[in-house]
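By convention in this document, chain letters (A, B, ...) are assigned in the order of the sequence lines, proteins followed by strands, and residues within each chain are numbered from 1.
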Protein chains: 2
Amino acid sequence: MRDRRPEGERLSRATAHRLSLYLRALAVWPADGGRMSSTRIALACGVTDAQVRRDLASLGHLGRRGLGYDAPELSAAIRAVLGIDRVWRAVLVGVGNLARALLRYRGFRTQGFEVLALFDADPTKVGERVEGLAIEPTERLTDRVRDLGAELAILTVPADAAQPVADQLTAAGIRGVLNFAPVLLRLPPRVKLVSVDLAIQLEQLAFLIQHGEPAADPAAR
Amino acid sequence: MRDRRPEGERLSRATAHRLSLYLRALAVWPADGGRMSSTRIALACGVTDAQVRRDLASLGHLGRRGLGYDAPELSAAIRAVLGIDRVWRAVLVGVGNLARALLRYRGFRTQGFEVLALFDADPTKVGERVEGLAIEPTERLTDRVRDLGAELAILTVPADAAQPVADQLTAAGIRGVLNFAPVLLRLPPRVKLVSVDLAIQLEQLAFLIQHGEPAADPAAR
DNA sequence: AAATGTGAAGATTTTCACAGCT
DNA sequence: AGCTGTGAAAATCTTCACATTT
């Protein structure tokens with residue numbers, strides 16, 4: 001039942017990203033009677049209504065002509081196709097300020113991501129409790145990932161530690177890494193990677209300003 | 001001299017993002033003799049060499065047939081087209097853990113972004129010094145942005161404060177906002193926006209794992 | 001009247017393949 | 001031989017427009 005794609009069509013990365021946005025709009029909007037239309041979603045997310053319909057049609061026949069979509073049903077379908085209709089077990093490596101910010105941000109938990117353990121190479125940090133979890137030494141990483149059955153890792157270590165830690169995580173059988181270190185990580189194809197480089201985001205902003213794009217995209221990445 | 005586009009071609013957002021990656025590769029690689037080829041850049045960034053050549057050709061005639069590109073010259077050209085060949089003056093609003101992490105990360109400074117002032121609505125934080133800057137009350141935001149001539153704002157406030165603060169910034173004449181609050185901000189077209197929603201990044205990672213994409217992209221966003 | 005879903009058209013992006021330099 | 005730049009082809013993505021349903 002998982003991973004059902006109506007046609008042989010694959011969702012593009014861009015579509016997946018927009019689906020995440022739609023999900024936010026669905027959650028926020030005080031939908032009357034649980035109904036939602038492509039036009040309203042489009043308005044909330046800064047895309048065209050045709051785009052919304054295309055994206056949603058690719059999930060199957062969820063809308064009803066003349067009526068729109070049932071918001072809870074649509075949310076569930078999007079969550080299913082994004083793979084967040086279950087809890088993902090994650091570990092976090094590198095407990096600095098960024099990590100503390102992430103841990104405090106409860107959006108993770110509500111979206112189905114659970115951080116099970118924290119690791120840091122600094123011996124003075126080991127044992128400290130952050131958001132209810134005790135920091136463990138990085139040496140334990142491999143064993144603990146296996147024991148916990150963690151599938152995701154959040155990497156908030158300094159740049160020079162990122163690749164070695166990523167290698168350890170790979171060896172431990174992790175399936176995905178969310179990397180915040182400003183380096184280009186090398187991982188085998190079976191380990192998926194999403195990198196968030198904060199400096200790059202600022203560069204993109206500078207680019208947008210410099211080249212005054214006409215269309216303002218309120219949902220710009 | 002600024003904003004020179006060889007042809008009437010506009011850079012796409014995707015190209016701009018890849019250019020940021022190329023910049024990283026150029027900085028990291030111990031280029032022999034300062035030379036760099038499209039193949040090596042491609043390898044480092046996880047794209048095809050043809051893609052790299054297309055992207056770089058759009059900046060003008062920077063490469064030399066048979067030889068490749070001159071790394072420093074190429075870096076300078078990319079920085080110019082991205083608009084980071086100068087210092088951007090920025091302010092930061094909302095001094096929590098995330099802000100502290102960002103401020104400590106010196107990648108900003110080296111890439112030409114300078115944070116000039118910090119603001120927070122919490123009176124108990126006002127006056128506190130973080131990374132050499134004293135936190136100011138949010139009421140001063142408008143005046144200070146004008147006085148400082150700040151063009152960019154980094155928004156690390158809680159979700160419910162984001163839109164009001166963004167409105168203040170807009171009124172103060174800011175030109176771009178880097179938003180970390182998990183909300184869809186509404187801004188007039190003249191104010192550019194880049195949003196980083198950390199939960200969405202995790203969702204994208206889950207999506208990638210669920211649909212085992214064959215091509216591993218080491219520079220995945 | 002108010003919506004969806006979808007062919008067809010249009011636009012954009014990526015890849016191919018190779019001429020033309022060094 | 002090695003490498004860029006670029007037409008042309010291919011693939012992908014987006015928009016248009018409207019038949020179809022409630």
Kindly compute the distance separating CZ (A/R89) from CD (A/E151), expressed to the nearest 0.5 Å.
8.0 Å
Would you say the base of C/dT15 and the side-chain of B/R54 have a donor-acceptor pair closer than 3.5 Å?
yes
Ignoring hydrogens and angles, does a donor from either the side chain of B/R53 or the base of D/dT4 sit under 3.5 Å from an acceptor on the other?
no
Kindly write out the residues that satisfy side chain to side chain contact (heavy atoms under 4.5 Å, CB included) with B/R65, not counting sequence neighbours, or none if the list is empty.
none
Over all strands shown, is B/L62 touching base, sugar-phosphate only, or nothing at heavy-atom distances under 4.0 angstrom?
sugar-phosphate
Are B/V183 and B/Q163 packed together at the side-chain level, in the sense that at least one heavy-atom pair is separated by less than 4.5 angstrom?
no
Separation between CD of A/E73 and CZ of A/R35, rounded to the nearest 0.5 Å
8.5 Å
Compare all side-chain heavy atoms of A/I200 with those of B/Q111 and state whether any distance is below 4.5 angstrom.
no
Distance (rounded to the nearest 0.5 Å) between B/D55 CG and B/S12 OG:
7.5 Å
Counting side-chain heavy atoms from C-beta on, which of C/dG5, D/dC13, D/dT22 comes nearest to A/S12?
D/dC13
Closest-nucleotide ordering on DNA chain D, the 5'-leading residue of A/L67 and A/T48:
A/T48
The helix from C/dA1-D/dT22 to C/dT22-D/dA1: angle between its terminal axes, five pairs each, to 10°?
0°
